[in-house]
There are 2 protein chains.
Amino acid sequence: MPLLLLKELPRFECLLEAAQRYPDLHPESTEAFLHLLRTTDLVFAADSRLLSQHQLSPGRFTVLMQLNRHPDLPETPATLADAAGVTRATMTGLLDTLEKDGLVRRSPAPSDRRLTLIQLTEAGTALMNRVIPEYFRNVAAMMAPLSPEERAQLVGLLQKIERNLPPSVD
Amino acid sequence: MPLLLLKELPRFECLLEAAQRYPDLHPESTEAFLHLLRTTDLVFAADSRLLSQHQLSPGRFTVLMQLNRHPDLPETPATLADAAGVTRATMTGLLDTLEKDGLVRRSPAPSDRRLTLIQLTEAGTALMNRVIPEYFRNVAAMMAPLSPEERAQLVGLLQKIERNLPPSVD
DNA sequence: AGCTTATAGTTTGGCCCCTAACTGTCAGCT
DNA sequence: AGCTGACAGTTAGGGGCCAAACTATAAGCT
């Protein structure tokens, strides 16, 4: 996604000016909020560009990552959806295209015909073996401008915000 | 959107462990990266929940915000799309539903028949007058756990990351 | 055995994003 | 005047998300 943000964030001076018109506007908070969305949009877009070179999207990658963690332990659409924080309807769609591309395999569960077992195929495993190192190098490169102390600091600040918010999915 | 993240981020200890399997995995960078996506997802979801109470989405809100800034200066779909960082096709769809809901009005430009002028309707203006204060209060509330110094610090750290990344749209 | 409640996965329809291609219009050139 | 290239906005098709509703299956109770 882009998050549908303004391409150029308003300067802080503009926020100060707008605060005169909108008393509820808190310039420092709004600035932090907009930068958070903006930076994440850029990070996410860079991540998406890397993944798209391998015919993957962040969503598909997350599913494959989940399956790759314990390859001998099959997952179901419901457990994958729950772990990923999306609806089962969404997961059905993701699995449809992953299966079509030969990266996962669906099979019935012997003991419960409501369940479908999902496993990585050999092609899926091979793809992940190629993508994962590159993915982590890309993540490290994106975070490289921060020193180790600054990364810890960033995590601390983000956790402070996070603790104050309800989870986005049940 | 949820960003299709894992509902529970891996603990840092798990990242250390995974780093043994993936030498390119940099635990501190990966932790910061995942927290950045996670926190923004939660912030964005909270923002979306507030806006959805007013039959708005972040995208529609951004468009209305842009139109609200200079109500007497009509915009065009192309200028709105460019300012918002989305394609003209996307903007057409957003304007379709905003027009259907009576929040914006499309009219032909007298001097250039390629252009469509977009303006807020009275209903659109009234809606924005109700939503904007609430929107900024919500933003301030989400950022409230950070002190003013910490907000400035967050902005600084995010800008460091941002400067190292290409823009997500041209 | 039959009924009720719950679960799994899918389908439908919609929204928001994209790319590519289309139609209509304008600007500049000859 | 006519042509070419560029621009504006839309359409078509697709992916990724949602909610709601559906069908099929399982568990528990009587």
Side-chain angles (χ1 to χ4, degrees), chain A residues 1-5 7 41 44-45 47-49 51-52 55-64 74-101 103-104 106-118 168-170, chain B residues 1-5 7 41 44-45 47-49 51-52 55-64 74-101 103-104 106-118 168-170:
Chain A
M1 46 84 210
L3 295 164
L4 193 57
L5 304 173
K7 203 153 83 182
D41 182 45
F44 189 84
D47 186 50
S48 298
R49 275 197 296 279
L51 294 172
S52 72
Q55 276 67 58
L56 289 177
S57 61
R60 285 154 63 92
F61 177 76
T62 299
V63 176
L64 297 180
E75 301 256 7
T76 68
T79 60
L80 290 168
D82 186 60
V86 298
T87 65
R88 288 176 286 119
T90 295
M91 187 53 63
T92 293
L94 286 167
L95 292 173
D96 280 349
T97 64
L98 287 169
E99 185 181 38
K100 179 160 61 80
D101 293 346
L103 300 175
V104 305
R106 273 172 164 126
S107 50
S111 59
D112 190 330
R113 281 166 30 205
R114 290 174 298 177
L115 302 180
T116 300
L117 301 181
I118 313 293
S168 65
V169 295
D170 80 295
Chain B
M1 45 83 207
L3 295 165
L4 194 61
L5 304 173
K7 203 153 84 183
D41 182 44
F44 189 83
D47 186 50
S48 297
R49 274 197 296 279
L51 293 172
S52 73
Q55 274 68 56
L56 288 178
S57 60
R60 285 155 62 94
F61 178 76
T62 299
V63 176
L64 297 181
E75 303 256 6
T76 69
T79 60
L80 290 168
D82 186 61
V86 298
T87 66
R88 289 176 286 117
T90 296
M91 187 52 63
T92 292
L94 285 167
L95 292 172
D96 281 347
T97 64
L98 287 168
E99 184 180 38
K100 182 161 57 89
D101 293 345
L103 300 175
V104 304
R106 276 171 163 125
S107 53
S111 56
D112 190 329
R113 279 158 39 194
R114 292 173 297 179
L115 302 179
T116 300
L117 301 181
I118 312 293
S168 65
V169 294
D170 83 291

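Heavy atoms only: backbone and side chains are in, while hydrogens, waters and symmetry mates are out.
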*Asks:* Let me know the distance between CG of A:L64 and P of D:dG16, rounded to the nearest Å.
*Replies:*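 One finds 11 Å between P of D:dG16 and CG of A:L64, rounded.
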*Asks:* Just the rounded figure in Å: distance from P of D:dT23 to CZ of A:R113.
*Replies:* 18 Å
*Asks:* Looking at residues at least two apart in the chain, or sitting in another chain, which of them share a salt bridge (charged side-chain N to carboxylate O under 4.0 Å, His left out) with B:R113?
*Replies:*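 Applying salt bridge (charged side-chain N to carboxylate O under 4.0 Å, His left out) to B:R113 gives none.
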*Asks:* What is the separation between atom CD on A:Q55 and atom C1' on C:dT19, rounded to the nearest whole Å?
*Replies:* 15 Å
*Asks:* Write down the distance between CD (A:E99) and C1' (C:dT10), rounded to a whole number of angstrom.
*Replies:*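 Distance check: A:E99 CD to C:dT10 C1' gives 13 Å.
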*Asks:* For the side chain of B:T97, starting at C-beta, report the closest nucleotide among C:dT19, C:dC16, D:dG16.
*Replies:*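 Nucleotide nearest to B:T97's side chain: C:dC16.
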*Asks:* Which residues pass the side-chain hydrogen bond (donor to acceptor under 3.5 Å, both in side chains) test with A:T87, not counting sequence neighbours?
*Replies:*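 Testing A:T87 for side-chain hydrogen bond (donor to acceptor under 3.5 Å, both in side chains), a comparison that skips the adjacent residues, returns A:T90.
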*Asks:* Indicate whether OP1 or OP2 belonging to D:dG15 is found under 4.0 Å from a side-chain N or O atom of A:S57.
*Replies:*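 A:S57 to D:dG15 OP1/OP2: no side-chain N or O under 4.0 Å.
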*Asks:* Just jot down the side-chain hydrogen bond (donor to acceptor under 3.5 Å, both in side chains) partners of A:T92, sequence neighbours excluded, or say none.
*Replies:*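 So A:T92 forms no side-chain hydrogen bond (donor to acceptor under 3.5 Å, both in side chains) with any residue.
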*Asks:* Rounding to an integer number of Å, can you tell me how far B:R49 CZ sits from D:dA19 C1'?
*Replies:*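 Value for this atom pair: 16 Å.
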*Asks:* What is the separation between atom CG on A:D41 and atom C1' on C:dC18, rounded to the nearest whole Å?
*Replies:* 14 Å
*Asks:* Can you sort out the partners of A:T116 under side-chain contact (heavy atoms from CB on, under 4.5 Å), two or more places apart, ordered by chain and number?
*Replies:* A:P77, A:R106, A:I118
*Asks:* Take the protein atom NZ of A:K100 and the nucleotide atom P of D:dG14, then report the distance between them rounded to whole Å.
*Replies:* 9 Å
*Asks:* With sequence neighbours excluded, what pairs up with A:T76 under the side-chain hydrogen bond (donor to acceptor under 3.5 Å, both in side chains) test?
*Replies:*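 Applying side-chain hydrogen bond (donor to acceptor under 3.5 Å, both in side chains) to A:T76 gives A:T79.
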*Asks:* What string of B, S and - do you get for nucleotides 5-12 of chain D, 5' to 3', if B is base contact, S is sugar-phosphate-only contact and - is no contact with any protein heavy atom under 4.0 Å?
*Replies:* --BBBBB-
*Asks:* Distance check needed: D:dG16 P versus A:D47 CG, whole Å only.
*Replies:*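 Checked: the CG to P distance equals 14 Å.
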*Asks:* Are any of the side-chain nitrogens in B:R88 or B:D82 under 4.0 Å away from the carboxylate oxygens of its partner?
*Replies:*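 Looking at B:R88 and B:D82, the cut-off is not met.
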